[in-house]
Amino acid sequence: MQQEQLATRMGKKRETVARLLSADEINPTLNTLIELLSALNLTADITLRQAKEGEGPIKVAVELAASE
């Protein structure tokens, strides 16, 4: 999907999506993440738990289903 298509689905400008996808230190709002997930027909599971010693604040796991 091209950035222009994604921007249209998100209701954002292409420049905004380009920044979101390419910036070194992005800090999107929760609403922006929800819009992105919606536009890509994805969902997210977020688990909050006590951090283990030495563990960073964010752990990202990606699970994508195989195409049929």
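No hydrogens, no waters, no symmetry mates; every other heavy atom, side chains included, goes into these values. This structure is a prediction, so every number in the text was calculated from the model and none was measured.
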Q.
Evaluate Thr16 against Thr32 for side chain to side chain contact (heavy atoms under 4.5 Å, CB included), listing each step before the verdict.
A. CA-CA 10 Å; Thr16 303; Thr32 299; over 6 Å; no
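- Taking 4.5 Å as the limit, some side-chain heavy atom of Leu36 sits within range of a side-chain heavy atom of Met10.
- Interatomic distance, Glu4 CD to Glu15 CD, rounded to the nearest 0.5 Å: 8.0 Å.
- Here OG1 of Thr8 is found 13.0 Å from NZ of Lys13. Values are rounded to the nearest 0.5 Å.
- The environment of CD in Gln2 is sparse: at most 12 heavy-atom neighbours from other residues, nucleotides or ligands sit within 6.0 Å.
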Walk me through it: do Leu40 and Leu6 pass the test side chain to side chain contact (heavy atoms under 4.5 Å, CB included)?
CA-CA 8 Å; Leu40 295 172; Leu6 183 56; 3.8 Å; yes
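- For Gln3 against Ala18, the heavy-atom pair with the smallest separation is OE1-CB, 3.2 Å.
- Atom CG of Leu33 and atom CG of Leu20 lie 7.5 Å apart (nearest 0.5 Å).
- Cluster membership for Leu30 and Leu37, using ILVMFWY side-chain heavy atoms within less than 4.5 angstrom, is not shared.
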